[in-house]
There are 2 protein chains.
Amino acid sequence: MGATKTDHFTDNQNQLAILAKALGHPARIAIMEYLLKVDTCICGDIVNELPLSQPTVSQHLKELKNAGLIKGSIDGNSICYCINEPGLEKIKGFFEHISAHLEKKRNECC
Amino acid sequence: MGATKTDHFTDNQNQLAILAKALGHPARIAIMEYLLKVDTCICGDIVNELPLSQPTVSQHLKELKNAGLIKGSIDGNSICYCINEPGLEKIKGFFEHISAHLEKKRNECC
DNA sequence: TGTTTATATTGCAATATTACGATATAAAAT
DNA sequence: ATTTTATATCGTAATATTGCAATATAAACA
């Protein structure tokens, strides 16, 4: 045990879970907020912004990248990390879908 | 280590992370989708819907409830679990906020 | 009352995540 | 060529999550 039983769920469910999981840490929420805030994408700043060590931040960035929420392009010596819109739209769509459904059946239970 | 350093992040960041983390498992995505699909909220069905044991499903429900994404009300012998709109609106708002910002600065980097 | 039905809790093993020091890599600057 | 700067990877300890069998709880029903 300990491992998630992904086999029994749909690709869509697994994909949404991966996206949500990637955001399931305050440092990664903070990174997304920071990437949104700054106009330039020079990202060595992220380490200075967060109360975590450089290796830890690097690891969080990797997870966001693997999930498809950010992308990074090499810029000489440093790396430019930015928000990856498709990943964001995917998970945003999930919540909009739920909200739209709830509108229709408000107050039918509980 | 192994514990998240929540102290150094804002309440808002921690709250969003808790909500996202709760959805970071395909079973919990499936539960949300199921609660949305069925009109009645009779929820013993959830165990039958998922490829997981009753104790495991119960635990996933507990996590969704703790995060504020669902609520449960006792209905005689069984329990009625439903989507909790405020929790959902909170995290939906986060994605809408990001999307709105991205509209304004499209193509400025990467 | 005794049994069934629905759900929660406990206990535990397997695995994953978090965090960081130490180290590696590779471009930039001197 | 050496040093500095920016980032990634490795190794490892601490903690959290996942999943289930066994058991507990508590309402419904016979």
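Keep in mind that what you see is a predicted model, and the values were worked out from it rather than measured. Just so we're on the same page: letters track the sequence lines, and every chain starts at 1.
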Whole Å only: how far is the [atom1] atom of [X] from the [atom2] atom of [N]?
X: A/Ile18; N: C/dA16; atom1: CD1; atom2: P; value: 13 Å
X: B/Ile79; N: D/dA28; atom1: CD1; atom2: P; value: 12 Å
X: B/Asp7; N: D/dT15; atom1: CG; atom2: C1'; value: 15 Å
X: A/Lys5; N: C/dT15; atom1: NZ; atom2: C1'; value: 14 Å
X: A/Ile46; N: D/dA8; atom1: CD1; atom2: C1'; value: 14 Å
X: A/Leu50; N: C/dT18; atom1: CG; atom2: C1'; value: 14 Å
X: A/Asn77; N: D/dA6; atom1: CG; atom2: P; value: 7 Å

Would you say D/dT17 has OP1 or OP2 under 4.0 Å from some side-chain N or O of B/Lys21?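 Looking at the OP1 and OP2 atoms of D/dT17, one of them is under 4.0 Å from a side-chain N or O of B/Lys21.
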
B/Tyr81 side chain near C/dA8 phosphate (N/O to OP1/OP2, under 4.0 Å):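 Affirmative; the distance criterion is met.
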
Which residue lies more 5' along DNA chain D, comparing A/Gly44 with B/Asp75 via nearest heavy atoms: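 Result: A/Gly44.
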
Using a cut-off of strictly less than 4.0 Å between a heavy atom of the residue and any atom of DNA chain C, enumerate the qualifying residues of residues 52-64 of chain A by number.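 Going residue by residue through residues 52-64 of chain A, the ones with a heavy atom under 4.0 Å of DNA chain C turn out to be A/Leu52, A/Ser53, A/Pro55, A/Thr56, A/Gln59, A/His60, A/Glu63.
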
Residue whose nearest DNA chain C nucleotide is more 5′ - A/Ile74 or A/Arg28: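 Closest to the 5' end, via its nearest nucleotide, is A/Arg28.
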
Taking NZ, NE, NH1 and NH2 as the nitrogens, is one of them in A/Glu96 or A/Lys92 under 4.0 Å from a carboxylate oxygen of the other?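 Result for this pair is yes, salt bridge flagged.
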
Decide yes or no on side-chain contact (heavy atoms from CB on, under 4.5 Å) for A/Leu36 and B/His97, but give the supporting numbers first. CA-CA 10 Å; A/Leu36 200 68; B/His97 172 68; 4.0 Å; yes

For B/Leu52 versus B/Ala27, what's the shortest heavy-atom pair and its separation?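 Shortest heavy-atom contact: CD1-CB, 3.6 Å.
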
Check for a donor-acceptor pair, side chain of B/Gln13 on one end and backbone N or O of B/Thr10 on the other, with a separation under 3.5 Å.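 Pair found, side chain donor or acceptor close to backbone of B/Thr10.
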
Treating B/Asn84 as the side-chain partner and B/Gly68 as the backbone partner, does any N or O pair qualify as donor plus acceptor under 3.5 Å?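 Yes; judged by distance alone, with no hydrogens or angles, the pair exists.
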
Parallel, tilted or perpendicular: which describes the rings of B/Phe9 and A/His25, with under 30° parallel and over 60° perpendicular?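 Perpendicular, since the angle between the ring planes exceeds 60°.
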
Quick check on B/Asp11: does its CG atom have over 12 non-hydrogen neighbours (other residues, nucleotides or ligands) under 6.0 Å away?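 Check fails, neighbour count at 12 or below.
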
